[in-house]
Engineer: 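After the structure tokens below, expect a handful of questions from me.
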Amino acid sequence: MKKTPLHDLHVSLNARMVDFGGWDMPINYGSQIDEHHVIRQDAGMFDVSHMTIVDMKGDNAKAFLQKLLANDVAKLKDEGKALYSCMLNEEGGVIDDLITYYINDTFYRTVVNASTREKDLAWITKQAEAFGVEVTERDDYAMIAVQGPNARAKAHKALGDDAAEKLDDMKPFFIREYGNMSVARTGYTGEDGYEIMVPETEASALWSRLLENEVKPCGLGARDTLRLEAGMNLYGSDMDETISPLECGLNWTVAWEPVERDFIGRAAITKQKEQGVKRKLIGLVLEGKGVIRNHQKVMLDGKEVGEVTSGSFSPTLSQAIAFARVDKDLADKCQVEMRGKQIDARVVKIPFVRNGKSCL
Amino acid sequence: MSNIPNELRYTKSHEWVRRNEDGTLTVGITDHAQGLLGDLVFVETPEAEDTFSSGDDCAVIESVKAASDVYCPVDGEIIEGNEALADAPETINHDAYGDGWIFKIKPEDEGAFDELMDSDEYAENIAED
């Protein structure tokens, strides 16, 4: 199993380690729920070094990404600005979702999922050939996500004396160099914070300084409940290569204008849009007791109308919540089939929680 | 290493069983099991006077991560479910062998307790998992 540069530190902190797409990663350091609350209320950190950083360089880098991604990097006018996008196949299915950072006109950096690393690198490299764009995986970097309302202030103290001065004015969804690190004001929790790309040889030292500044280590279990509450999709659960962005709530990430931009998958999803999208992704809150789980059936008056794609217990709301893919006509109520029983659930707007507060 | 008290008996499905002075048995899940499940968020306990056979599922515990059945370790009649767990399921995480007990049962056969695994056998059993 693969290990991140922080692996020994996790073990020394008594983390419960699990196989996470071939990586030996911390699921929690004791209590997943406590870790969840720390990030909603204070500051916590995740080792996300298993995620894949890919640099794309070349004179045609922009044109290449305009072809590769369903969102349009031409929206990125300011250096350091980030863009969330799907990368589609020709059939309009999602190969992966990713964040692209605009460093300059000939240099973009993307962060893709760990579980999709090989196929993403193969696909990107193949598409890049025609554009003469150089694609480089940056496995020399580790990555630490520091998240929560106090995350940035604590991270500044851990990073260095001039960190507050150099980073404090950076707006959300931007990246900036700091020494030999790249600091992005992004995350996967619905809270403010940073994702810090740090040379792997310096990752342990940074983690230790964050610990000294009372940033609590949090496992990937909490990361999952945080992203679910925050209404963020998980690749492999909420979408995959058979699902288009129109069927997983990511319509907003598709840049339809300008119409001349011929991104991969455009023809397929245009056709799907014209014919009418039959399924949609919704948020559910369980009315009864229990916890909604992935793949449970969504029912309406005895008829199956969909399936849960991400279900869990929301520590912030103290009730079960879920994303489900259902028939487009489903309105405000349904039932979830759980352990042989049908339990009432109501359809709600996504997200469930933002900046520590319930959106229900 | 998880905590496995000597005075208790155990099942392969990770229940612990304590023999009380009046011959009744108290049942919960082991420290090992709660660690695997993670934070518990929901517990459904059996009702008094329900009867079960050994191996029947008689309670449900759900963590953030997964749902799990609790199996009855012996044939018998339920005396009491631990209703306090409904509002505080995390008690099982904090005190698996104490306040985190799940139900009390009157065994049909008082000798059934002695048939269960002792702490050494249980420790061996989880080492093999």
Side-chain angles (χ1 to χ4, degrees), chain A residues 11 14-20 25-40 218-229 237 285-296 308 310-322 336-341 343, chain B residues 1-4 13-14 29-47 50 52 55-72 81-100 102-103 126-127 129:
Chain A
V11 172
N14 292 320
R16 182 172 289 275
M17 306 297 286
V18 295
D19 180 353
F20 202 87
M25 298 299 285
I27 186 85
N28 66 58
Y29 299 80
S31 167
Q32 169 175 344
I33 290 181
D34 290 351
E35 292 161 21
H36 180 109
H37 290 315
V38 158
I39 287 190
R40 285 276 177 258
C218 297
L220 297 180
R223 193 159 180 258
D224 189 53
T225 49
L226 288 158
R227 71 92 193 166
L228 179 62
E229 286 185 346
S237 293
V285 173
L286 195 69
E287 306 273 31
K289 285 203 162 190
V291 182
I292 309 177
R293 307 288 175 188
N294 295 11
H295 306 301
Q296 285 175 337
V308 173
S310 287
S312 194
F313 176 80
S314 160
T316 305
L317 306 172
S318 292
Q319 62 193 135
I321 60 171
V336 181
E337 193 169 288
M338 303 169 58
R339 303 171 67 84
K341 291 180 202 160
I343 312 288
Chain B
M1 193 58 212
S2 55
N3 174 16
I4 308 174
S13 47
H14 308 293
I29 63 158
T30 64
D31 182 50
H32 174 73
Q34 71 77 21
L36 284 179
L37 282 164
D39 291 315
L40 293 174
V41 294
F42 175 59
V43 182
E44 189 182 311
T45 53
E47 307 266 334
D50 286 352
F52 293 100
D56 286 353
D57 52 319
C58 60
V60 180
I61 52 179
E62 294 208 46
S63 69
V64 180
K65 207 160 76 182
S68 181
D69 288 315
V70 178
Y71 298 98
C72 201
N82 184 359
E83 288 171 14
L85 294 177
D87 292 325
E90 67 278 10
T91 310
I92 294 177
N93 295 115
H94 302 148
D95 192 9
Y97 299 112
D99 290 343
I102 297 173
F103 59 89
I126 57 177
D129 272 355

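Below, chain A is the first sequence line, B the second, and so on; all start at residue 1.
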Engineer: Work out which heavy atom in C58(B) is nearest to a heavy atom in Y71(B); give both atom names and the distance.
Structural biologist: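 Where C58(B) meets Y71(B) most closely, the heavy atoms are SG-C, 4.1 Å.
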Engineer: If you tally heavy-atom pairs under 4.5 Å against chain B, which of G290(A), S312(A), G221(A) wins?
Structural biologist: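 Most heavy-atom pairs under 4.5 Å with chain B: G290(A).
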Engineer: Assess whether a salt bridge exists between D224(A) and K65(B), defined as any Lys/Arg side-chain N lying under 4.0 Å from an Asp/Glu carboxylate O.
Structural biologist: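 Salt bridge flag = no for K65(B) with D224(A).
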Engineer: Is S318(A) close to chain B through its backbone or its side chain, or both, or neither, when contacts mean heavy atoms under 4.5 Å?
Structural biologist: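 S318(A) has no heavy atom closer than 4.5 Å to chain B.
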Engineer: For residues F52(B) and C72(B), report the shortest heavy-atom separation together with the two atoms involved.
Structural biologist: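 Scanning both residues completely, I find the closest heavy atoms to be CB-SG, 3.8 Å.
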Engineer: Name the region of E44(B), side chain, backbone, both or neither, that has any atom closer than 4.5 Å to a heavy atom of chain A.
Structural biologist: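 Side chain of E44(B) only, per the 4.5 Å heavy-atom cut-off to chain A.
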Engineer: Looking at side-chain heavy atoms only, is the closest gap between I126(B) and H14(B) below 4.5 Å?
Structural biologist: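 In short, these two side chains touch, coming nearer than 4.5 Å.
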